[in-house]
Amino acid sequence: MGLTLILGGARSGKSGHAQRLAQSFNLPVTVIATAEARDAEMLDRIRRHRAERPAAWRTVEAPRQLAEALAREAGPRKCLVVDCLTLWLNNWLDELHSPRYPAAKDQLLTTLPKLPGEIILVANEVGLGIVPLGELSRRFVDEAGWLNQAIAKLADDVVFVAAGLPLNLKATPRHDPYSE
């Protein structure tokens, strides 16, 4: 089983790629959603993502307690899709300077390698544009980049999606014990 990180820009096809990958495992799928509907536009985005998923998939909301949700939901014959790490980080934006976010990040990074089953993490690559003007925006871009790098080190597979096309950045050959 394994850990896959899927990166890309906004509307790049990351979630669709994650969905196709999850379906390919032929396992029960749980989506761990991190978005919070703080306005009407975000509520529409959440509704659109839900409508695009297969009806049999479960959804668990985890706007901040991501490591706990992953530990609770993971299993050897399960697939979890986290959509998305960048929104999870955004939910911590007001606490990036507090000790609570680094503790939550450390807990996530400690939990991920221990999880059974297939784990697919979706995240935005936000560092490809211009340097943001404000301090908070620059801090967010920095934190997102550091989080993506840390998870990429742990991941078996890392995929970058642009214009709906996946580019494998890291691929680890894996033995599938269920194919025997």
Side-chain angles (χ1 to χ4, degrees), residues 1-37 42-89 91 107-125 144 147-180:
M1 307 316 265
L3 176 63
T4 302
L5 174 62
I6 300 174
L7 299 165
R11 296 289 172 254
S12 63
K14 303 177 301 292
S15 295
H17 184 72
Q19 181 174 318
R20 288 185 297 280
L21 180 61
Q23 288 172 315
S24 76
F25 294 127
N26 292 316
L27 297 170
V29 176
T30 298
V31 174
I32 300 180
T34 61
E36 292 183 312
M42 183 54 88
L43 183 59
D44 286 342
R45 285 175 180 259
I46 292 168
R47 286 181 182 146
R48 188 171 43 248
H49 272 276
R50 282 184 184 153
E52 292 170 353
R53 291 184 204 129
W57 289 14
R58 289 182 55 241
T59 299
V60 172
E61 306 287 334
R64 287 195 183 212
Q65 307 310 78
L66 182 55
E68 294 89 336
L70 283 162
R72 185 178 58 248
E73 298 295 329
R77 298 284 297 150
K78 293 182 178 181
C79 177
L80 303 183
V81 177
V82 175
D83 202 355
C84 87
L85 288 172
T86 313
L87 288 173
W88 176 76
L89 176 62
N91 296 338
Q107 183 181 11
L108 177 63
L109 295 174
T110 302
T111 299
L112 283 170
K114 300 174 187 173
L115 297 174
E118 293 292 343
I119 312 297
I120 302 169
L121 306 169
V122 177
N124 287 62
E125 176 52 67
L147 179 63
N148 289 345
Q149 286 182 56
I151 291 177
K153 286 179 187 173
L154 299 174
D156 299 297
D157 300 294
V158 179
V159 179
F160 183 79
V161 179
L165 301 172
L167 173 64
N168 290 322
L169 302 177
K170 178 182 180 182
T172 304
R174 293 190 251 164
H175 171 71
D176 182 2
Y178 303 108
S179 65
E180 298 173 345

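This structure is a prediction, so every number in the text was calculated from the model and none was measured. These values consider heavy atoms only, across backbone and side chains, with no hydrogens, waters or symmetry-generated copies.
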Asker: Rounded to the nearest 0.5 Å, what separates atom CD in E68 from atom CG in L108?
Answerer: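 If I round to the nearest 0.5 Å, the distance is 9.5 Å.
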Asker: Find the distance between CD (E118) and CZ (R77) and round it off to the nearest 0.5 Å.
Answerer: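 Separation between the atoms: 10.0 Å.
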Asker: Could you tell me which non-hydrogen atom of W88 sits nearest to which non-hydrogen atom of T34, and how far apart they are?
Answerer: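 Closest approach of W88 to T34: N-OG1, 3.5 Å.
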Asker: Can you check whether L21 reaches D157 side chain to side chain, under 4.5 Å on heavy atoms?
Answerer: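 No, every pair of side-chain atoms sits at 4.5 Å or beyond.
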Asker: Using the side chain to side chain contact (heavy atoms under 4.5 Å, CB included) definition, which of the options V60, I6, I32 pairs with V82?
Answerer: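 Passing option: I32.
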Asker: Side-chain contact, heavy-atom cut-off 4.5 Å: E52 with S15?
Answerer: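 No - every pair of side-chain heavy atoms lies 4.5 Å or more apart.
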Asker: What closest approach, in Å, do L115 and A71 show between heavy atoms, and which atom pair accounts for it?
Answerer: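 Between these two residues, the closest heavy atoms are CD2-CA, 3.8 Å.
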Asker: Can you give me the closest heavy-atom contact between V161 and G13, atom names plus distance?
Answerer: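 Closest approach of V161 to G13, heavy atoms only: CG1-C, 3.7 Å.
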Asker: Quick one: pull up CD1 in I120 and CZ in F25 and give me the separation to the nearest 0.5 Å.
Answerer: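 One finds 5.0 Å between CD1 of I120 and CZ of F25.
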Asker: What's the spacing between T111 OG1 and R72 CZ if we round to 0.5 Å?
Answerer: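 So the gap between those two atoms works out to 12.0 Å.
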Asker: Quick one: does D83's side chain have a donor or acceptor within less than 3.5 Å of a partner on A33's backbone?
Answerer: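 Checking the backbone N and O of A33 against the side chain of D83, no donor-acceptor pair under 3.5 Å is found.
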Asker: Distance check, rounded to the nearest 0.5 Å: K114 atom NZ versus L70 atom CG?
Answerer: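 Result: 13.0 Å between the selected atoms.
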Asker: I want to check something: taking the side chain as every heavy atom from C-beta on, are V29 and R53 in contact at a cut-off of under 4.5 Å?
Answerer: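 A side-chain contact is absent here, since even the closest heavy-atom pair is not under 4.5 Å.
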Asker: Is the backbone N or O of L80 less than 3.5 Å from a side-chain atom of T30, with the two atoms forming a donor-acceptor pair by type?
Answerer: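 Flag not set: sc T30 to bb L80 has no pair under 3.5 Å.
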Asker: Is there side-chain contact between E125 and N148, with at least one heavy-atom pair below 4.5 Å?
Answerer: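 Yes, their side chains come closer than 4.5 Å.
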Asker: Can you give me the closest heavy-atom contact between A35 and M42, atom names plus distance?
Answerer: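 The answer is CB-SD, 4.4 Å.
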Asker: Find out whether P54 and Q23 are in side-chain contact, i.e. whether some heavy atom of one side chain is under 4.5 Å from a heavy atom of the other.
Answerer: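 In short, these two side chains touch, coming nearer than 4.5 Å.
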Asker: Treating K14 as the side-chain partner and G9 as the backbone partner, does any N or O pair qualify as donor plus acceptor under 3.5 Å?
Answerer: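 Present.
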Asker: Is there a side-chain contact between L27 and K78 (heavy atoms, below 4.5 Å)?
Answerer: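 A side-chain contact is absent here, since even the closest heavy-atom pair is not under 4.5 Å.
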Asker: To the nearest 0.5 angstrom, please state how far the CD1 atom of I119 sits from the SG atom of C79.
Answerer: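 These two atoms lie 7.0 Å from each other.
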Asker: With heavy-atom distances below 4.5 Å as the criterion, would you say the side chains of L121 and L3 are in contact?
Answerer: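 Yes, their side chains come closer than 4.5 Å.
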Asker: Just wondering, more than 12 heavy atoms not from K153 lying within 6.0 Å of its NZ?
Answerer: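 Incorrect, the count does not exceed 12.
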Asker: For residues L87 and R45, determine if any side-chain heavy atom of one lies less than 4.5 Å from a side-chain heavy atom of the other.
Answerer: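 No. Closest side-chain heavy atoms not under 4.5 Å.
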Asker: Restricting to non-hydrogen atoms, name the atom on L5 and the atom on A123 that form the minimum distance, rounded to 0.1 Å.
Answerer: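 Closest heavy-atom pair between L5 and A123: CD1-CB, 4.2 Å.
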Asker: Without swapping roles, check the side chain of N91 against the backbone of P63 for a donor-acceptor pair under 3.5 Å.
Answerer: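 Flag set: sc N91 to bb P63 pair under 3.5 Å.
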Asker: Kindly give the heavy-atom pair with the smallest separation between R20 and G164, and that separation in Å.
Answerer: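 The pair with the smallest heavy-atom distance is NH2-O, 4.5 Å.
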Asker: Under the side-chain contact (heavy atoms from CB on, under 4.5 Å) rule, what do T4 and D156 come out as? Steps first, then yes or no, please.
Answerer: CA-CA 6 Å; T4 302; D156 299 297; 5.8 Å; no
